[in-house]
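Beneath this line is the structure, given in structure tokens, with notes to follow.
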Amino acid sequence: MDMDSWTSSPQQMGYPPIDFRAELNDEQYAAVTAPEGPALVLAGAGSGKTRTLTYRVAYLLEQGVHPGNILLLTFTNKAAREMLARVEELTGVQRRAFWGGTFHSIGQRMLRMHGEPIGIKSNYTIMDQSDAESLLTTVIRSKDALFLKDKNNPKAKVISNTLSLARNTCQSIEDSVNQFSPYFHEYIPDFEKFAEGYKERKKIQQVADYDDLLVYWLEILKTQEQVAKYYQDRFQHILVDEYQDTNKIQAQIIDLIGSRNQIMAVGDDAQSIYSWRGANYENILHFPDNHEGTEMYRIETNYRSTPEILSFANDIINQFDSGHGFHKELRPVRDSHIAPMMIQAMDGREEASVVIRRIQALLEEGRSLSDITVLYRAHYQAVDLQMELTRQHMPFQITSGVQFFEQAHIKDLVAQIKFAYNSNDSRAFHRFCGLLPKVGEKTAEKIFMTAYEEAQTTGEHIADMFLTKPVIAKVPKGARDHWESLAATIQSIVKAATSESPSEVVALAVEGWYADFIKTLYPNYLQRMDDLQSLIGFAQRFTDLQELLSQLVLMNSETSQKSIDPDEDQLRLTTVHQAKGLEFPVVFLLGCSEGLFPLKRAIDRGDLDEERRLFYVAVTRAMDELYMTSPRMTQFGGNTNFMNPSRFIQRVNPDLYEVVRLKRYSSW
């Protein structure tokens, strides 16, 4: 549909008018029918944000606004499709008539049309993450042939993530590294050199990575005055969903094309939880300051949760100091039900047992497994529950990743321990040896067989042969530095396996070669180190290394054979981050203890605001029932830590939740 073929409104096209007054509540109606000018719509959890945005578009069409004059920006293609499909259903206006989609999808469209002046031809191609990392690797090698061969240097994937975060936060590489990954401070000159070479190589090859779609879109608007003016004139109304999740680049783009104050930003500052990927919480807080004449609309009637859950949630989010967020008060429309419950357990095993007993009681009450979701702050906090669910053959799926013991870094570490226990286990050897650069299956087998033959000749342990000349000769030159460190770690694990406790053996593996290896390999290495530290605590339950390894193998065998049937009634396990935007009749929130939620890292940094928002997001996923479990102790990194309930619960009015005493409840 072009601009000239637009008749003026859906009604003139034969569609009946929409009774906005009847179909919306007072708060939604005020936002949907807002006059022109900048508007900030604070849409609380479960308040009908998507409905409000959808009806806003429909309302503008009824006012005679051409669909091509409306820009709808979302954070997922699914959200854009759903909204525009609903608009089409309401009004009959086909979704392709709108400019709607994610920031990146609109950015690539802009770049194809207007990229020539900044050196991007219309037939440029977009690289996926793998292609981008491959090109960056080529650039790094051209700038410094030895950089990636040094075992202590970060790998291309980590460098790519570091450069991306700097771009999305509009910071220099130096400032970004100092803020997010200070352990890479010494590499700042290298990163800057690689970034410049990477940028040049992309221009030569006429390719763009994901970040370029935003960076170049902003550059077009800043350097091409006529282009900026065209879109300022064209987009009479700009609607931005999830505004609290915008980064600095996205906020600047919105301001440049919406310079005539036709922006409606919709979001909830209390659900800003993505600073780790560049989202800037201050964008929504300062929207009224940056857009003169902003009208604010609050949508706080909640259709999702019971009054008891909302009272608890309101008390959590309003723990913020003044100036750290907009005050909000979610109001219920549903009938009363039971209060949120906080259950203290002795440790993770009792926590898992309590949760499963309550789930079984809920099933007896008529609930299905698909009604129930278990949330947690970090993957390792669900280990005991995964084990117990597997033992009891209760079907579950993890929607935020793979099972704990199936994660690559866990398998890598366990392989080292398996080999230390049984030096004939060539598959375990292949697993960790194959991590080294230039070492594939065949090379790993040659190294193993050479060490094995040397051990047969000398009568010594195979690990003691790792640093002999015949074995080192089989190790590719690019892997020899790694090999020396790995060999020393394996030798220490072998010695400990015969005399030390299982937890001490695991600790040697965690603190050895692999700790440095994952630091340079994974952008989220801190989270992976938390997983590995938790594995030390898990090992403390065993007195025999064979027993520990047997349990790990059995867990992997049982879970890996389990196929996920999408139609099967299953319990869902997921992190809080992955649950944002979803809702569930019954929610169990694990690890509601100091050091677990909020995480100890956040406590140490004094960075608790986002942890509180995450806790709020978790609580507001629950529709009918909310259960929060708080273990009193945890074994982490070889230490037994005694914990109090989370500060986020302790600061809530105690009248708003029930503390469950396990012995009083037969259903527990």
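These numbers come from the heavy atoms of this one structure, side chains and all, not from hydrogens, waters or symmetry mates.
- Shown here for Asn318 and His327, the closest heavy-atom pair between the two residues is OD1-ND1, 3.2 Å.
- Heavy atoms only, all atoms of each residue included: Ala45 and Arg304 are closest at CB-NH1, 4.0 Å.
- Counting only heavy atoms from C-beta outward, the side chains of Thr246 and Phe75 approach each other to under 4.5 Å.
- Remark: Asp604 CG is packed, more than 12 non-hydrogen atoms of other residues, nucleotides or ligands lying under 6.0 Å away.
- Formation of a donor-acceptor pair under 3.5 Å by the Arg298 side chain with backbone atoms of Glu329 is not found in this model.
- The two residues Tyr59 and Val32 come nearest to each other via the heavy atoms CD2-O, 3.3 Å.
- In this structure, Arg358 pairs ionically with Glu365, as a charged nitrogen and a carboxylate oxygen lie closer than 4.0 Å.
- In this structure, Arg528 does not pair ionically with Asp412, as no charged nitrogen and carboxylate oxygen lie closer than 4.0 Å.
- No side-chain heavy atom of Arg349 sits less than 4.5 Å from a side-chain heavy atom of Met387.
- Using a 4.5 Å heavy-atom cutoff, the side chains of Thr575 and Tyr376 are in contact.
- Under the 4.0 Å criterion applied to side-chain N and carboxylate O atoms, Lys328 and Glu300 are not assigned as salt-bridge partners.
- Contact check on Arg541 versus Asp347 returns no salt bridge, with no Lys/Arg side-chain nitrogen under 4.0 Å from an Asp/Glu carboxylate oxygen.
- Between Leu532 and His409, the shortest heavy-atom contact is CD2-O, 3.8 Å.
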Using residues 641-655 as the side-chain source, report each donor-acceptor pair under 3.5 Å to any protein atom, sequence neighbours left out, with the distance given to one decimal.
residue, atom, partner, partner atom, Å
Ser646, OG, Phe597, O, 2.8
Ser646, OG, Phe648, N, 3.1
Arg647, NE, Glu594, OE1, 3.0
Arg647, NE, Glu594, OE2, 3.2
Arg647, NH2, Glu594, OE1, 2.6
Gln650, NE2, Pro645, O, 2.5
Asn653, OD1, Asp655, N, 2.9

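- The distance between the ring centers of Phe404 and Phe538 does not fall below 6.0 angstrom.
- Remark: side-chain polar atoms of Ser593 are not paired, donor with acceptor, to backbone N or O of Leu596 under 3.5 angstrom.
- Taking every heavy atom of both residues into account, Gln386 and Leu573 meet most closely at CG-CD2, 3.9 Å.
- Between Arg21 and Asp26, at least one side-chain N (NZ, or NE/NH1/NH2) sits under 4.0 Å from a carboxylate O, which counts as a salt bridge.
- No side-chain heavy atom of Leu549 sits under 4.5 Å from any side-chain heavy atom of Gln546.
- You'll find the side chain of Ile316 reaches within 4.5 Å of the side chain of Arg612, heavy atoms only.
- Glu611 contributes a side-chain N or O that, together with a main-chain N or O of Leu599, makes up a donor-acceptor pair within less than 3.5 Å.
- Pairing each heavy atom of Arg613 with each of Ser272, the nearest pair is NE-O, 2.6 Å.
- If you check the side chains of Tyr303 and Asn25, you find a donor sitting under 3.5 Å from an acceptor.
- The pair Arg377-Asp530 does not count as a salt bridge, with every side-chain nitrogen at least 4.0 angstrom from each carboxylate oxygen.
- Of the possible donor and acceptor atoms, none in the side chain of Ser353 sits under 3.5 Å from a partner among the backbone N and O of Glu350.
- Under the 3.5 Å distance criterion, the side-chain polar atoms of Thr373 are left unmatched by any main-chain donor or acceptor of Val587.
- One N or O on the side chain of Arg56 and one on the backbone of Ala34 form a donor-acceptor pair closer than 3.5 Å.
- Below 30°, between 30° and 60°, or above 60°: for Phe20 and Tyr55 the angle between ring planes is above 60°, a perpendicular geometry.
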